[in-house]
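Note: hydrogens, waters and symmetry copies are ignored here, and every other heavy atom, side chains too, is used. All values derive from a computational prediction rather than experimental measurement.
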Amino acid sequence: MHIEEKQLKDFIFDSGLVSRDDLDAAQGEAMKRGHSLADILVSSGKMSEDDLRRTQAYLLGIPFVGLKNQKLDFAVLSLIPEPIARTHNIVAFKKNDDSLEVAMLDTEDLSAIDFIKKKTGLKILARLTDTDSIKSALLHYQKSLKADFGDIIQKESSVIKTVGNISIEDTTNPDDLKRIAEDLPVVRIVDTLLKHAVLQEASDIHIEQMENEVIVRYRIDGVLRDAMILPKAAGAGITARLKVLSSLKLDEKRLPQDGRFKIGLNGENISFRVSTMPTYFGEKTVMRLLRENVSGFTLEGLGFHGEGLEILHKASKLTTGMILTTGPTGSGKTTTLYTVLDILNTPGVNISTIEDPVEYQMKRINQTQVKPEIGFTFSTGLRSLVRQDPDIIMVGEIRDNETASLAINAALTGHLVLSTLHTNSAAGAIPRLIDMKCEPFLICSTVNVIIAQRLVRKLVGTKEKYFLKKDEIISLGKKANLDRVLKSLKDESIVAPDADWSNISFYKYKNNNYGSSSPSTNSPTGIEDGFAGRVGIYEVLKVSPAIKDLIIKGSSSDEIEKQARLEGMMTILEDGIFHCVKGVTTIEEVLRVVSE
């Protein structure tokens, strides 16, 4: 399957999907970076992936199908064996009387088509699809087969109440606990739990010991979901195994412990950050999944746009000062900073980081992990980093007065400093720094931009268009400045120049599952109610002269935010509404996240 770059470019221009100027700029960037025109158009946000795939399908004369969030009939899916489906990226999704419709990434894979034709005796109708659809469909094998992960764990956990003559729940002897942790059923259960979480793209695993059972939950797209319930006897063995992997003390059950380990799966390295906490019925274990060697993010791909994107690009080109990101745990702050670092990572600069933990590994960046147990903290690490002749410094988190003071001093002495703070809004970062004994005049001299962010789930599958009622517009207008949002939508040509809120469309999930009347709420892919994946919504506060005056006067965060909004800053809620109009997410999802 191949389409000439010129053919693709001409068709996109003729169809009006992208302007000539944008196409020329994208082609120039593609040649410069050695990427395809299609990749640049998608990563820059000029075209959606679905629009690109449909364009390619049209040029090839092949129907396009999207299978994300579709509930597939396992009887049809299993007509193609799982190894063939994975090897050739081909899945069966619809069976007619004498034909079988299959979705493929490469419709010229004739060997796969011929094999399926001989196996089924049916006429094969090839359809073009995208990578996410194939990935989503393949996960149905994991859920539907009798050798499903949950069944494996349930079967194994029923035979591990004792190892040899050792009672798993009662023993505290380190040698006995190590034998339990290395017992084959326990190893299989833990390996299955980890593999299952990675396949579902979970960000966290919770293993919670209750009075009569062990509950395993995965956080997928920011939402915790029950994965399985295991017998009480399985809990101690699982915890012991995870402690061995993380090099934790097996016999210490009274105090919290933190550790880390790494596995390789499907050619990808995944680190697990492990935390154990004693609870009433036993130890609770929580693991954060961190995919290493992640790169290729763009600010546009993260959800930045318009004036906020321009402000951040300008701030990243400065050689001194600070860029701060704020938000709750798990809101994507580190990913934002790493994306900025990826942009700045050129042979002409020395970039050093001090983190806890090192979440992504990046080439040509000197990354250091703190070790508080030996006295190597953010403050001691940062004090040493400034002697390493860095141009750009990233501090994983500003947690205390000393780290804040050192970061500001580094920004004053010729370094660009990137870091994170735990505050709910961009304006809230100022009083937080003042609480850390930072002088207001030093904050004014160093802080260039403050970003606040949240992550919202992305709407996928077929979307249904609808319009807000008058009372809904009024209600939403009490929470956000809709005039500012409308102006931004018009400036970025998302809506027509004469549009108003009465004729601006919003979107929700439209169920069109094959043979299903409602979206699955227990989907093995982690897709729920038409959502899959997440994107950021932001407020980008530029520290302008007027805001510097307010900081010097000791103004509150509300006064600083009010001034920033007068200068054009969109709040997180307003940015969320902007993304709703684009069809990226729903109003309900934005309100859920912003109200948290």
Is there a donor-acceptor contact under 3.5 Å from the side chain of [X] to the main chain of [Y]?
{"X": "Asn503", "Y": "Asp500", "value": "yes"}
{"X": "Asn89", "Y": "Met104", "value": "no"}
{"X": "Gln453", "Y": "Gly332", "value": "yes"}
{"X": "Ser488", "Y": "Val485", "value": "no"}
{"X": "Thr325", "Y": "Ile451", "value": "no"}
{"X": "Asp391", "Y": "Asn350", "value": "yes"}
{"X": "Ser133", "Y": "Leu67", "value": "yes"}
{"X": "Ser419", "Y": "Val395", "value": "yes"}

Salt-bridge present ([X], [Y]; N to O < 4.0 Å):
{"X": "Arg592", "Y": "Glu589", "value": "yes"}
{"X": "Lys487", "Y": "Asp491", "value": "yes"}
{"X": "Arg565", "Y": "Glu574", "value": "yes"}

More than 12 heavy atoms from other groups under 6.0 Å of NZ on Lys490: yes
Return yes when atom NZ of Lys548 has more than 12 non-hydrogen atoms of other residues, nucleotides or ligands closer than 6.0 Å, and no otherwise. yes
Does a side-chain heavy-atom distance below 4.5 Å link [X] with [Y]?
{"X": "Ser203", "Y": "Leu289", "value": "no"}
{"X": "Lys314", "Y": "Asn448", "value": "no"}
{"X": "Leu433", "Y": "Val447", "value": "yes"}
{"X": "Cys444", "Y": "Ile551", "value": "yes"}
{"X": "Glu539", "Y": "Asp575", "value": "no"}
{"X": "Ile365", "Y": "Ile392", "value": "no"}
{"X": "Leu591", "Y": "Leu573", "value": "yes"}
{"X": "Ile577", "Y": "Trp501", "value": "yes"}

Does a side chain donor of either [X] or [Y] reach within less than 3.5 Å of an acceptor in the other side chain?
{"X": "Thr339", "Y": "Asp342", "answer": "no"}
{"X": "Glu567", "Y": "Gln563", "answer": "yes"}
{"X": "Asp558", "Y": "Ser556", "answer": "no"}

For the pair Leu416 and Val349, evaluate side-chain contact (heavy atoms from CB on, under 4.5 Å) and give the outcome as yes or no after the intermediate values. CA-CA 11 Å; Leu416 180 63; Val349 295; over 6 Å; no
Write down the atom of [X], the atom of [Y], and the distance for their closest heavy-atom approach.
{"X": "Leu128", "Y": "Ile62", "value": "N-CG2, 3.6 Å"}
{"X": "Glu472", "Y": "Phe467", "value": "OE1-O, 4.4 Å"}
{"X": "His415", "Y": "Ala410", "value": "ND1-O, 2.8 Å"}
{"X": "Arg432", "Y": "Arg399", "value": "NH2-O, 4.2 Å"}
{"X": "Ser425", "Y": "Thr423", "value": "O-OG1, 3.0 Å"}
{"X": "Ile504", "Y": "Ala499", "value": "CG1-CB, 4.1 Å"}

Atom [atom1] of [X] and atom [atom2] of [Y]: how far apart are they, to the nearest 0.5 Å?
{"X": "Thr336", "Y": "Leu299", "atom1": "OG1", "atom2": "CG", "answer": "8.0 Å"}
{"X": "Ile323", "Y": "Thr420", "atom1": "CD1", "atom2": "OG1", "answer": "13.5 Å"}
{"X": "Ser352", "Y": "Met394", "atom1": "OG", "atom2": "CE", "answer": "11.0 Å"}
{"X": "Ile90", "Y": "Leu138", "atom1": "CD1", "atom2": "CG", "answer": "11.0 Å"}
{"X": "Glu561", "Y": "Ile430", "atom1": "CD", "atom2": "CD1", "answer": "12.0 Å"}
{"X": "Leu59", "Y": "Gln7", "atom1": "CG", "atom2": "CD", "answer": "5.0 Å"}

Is there a side-chain contact (heavy atoms from CB on, under 4.5 Å) between Thr585 and Phe531? Walk through the geometry before answering. CA-CA 8 Å; Thr585 189; Phe531 292 106; 4.1 Å; yes
Aromatic plane relationship, Phe506 with Tyr466 - under 30° parallel, 30 to 60° tilted, over 60° perpendicular: tilted
Hey, mind stepping through His305 and His579 against side-chain contact (heavy atoms from CB on, under 4.5 Å) and telling me if it holds? CA-CA 10 Å; His305 62 93; His579 281 77; 3.8 Å; yes
Between Thr329 and His422, does a side-chain contact (heavy atoms from CB on, under 4.5 Å) hold up when you go through it step by step? CA-CA 8 Å; Thr329 300; His422 281 287; 3.4 Å; yes
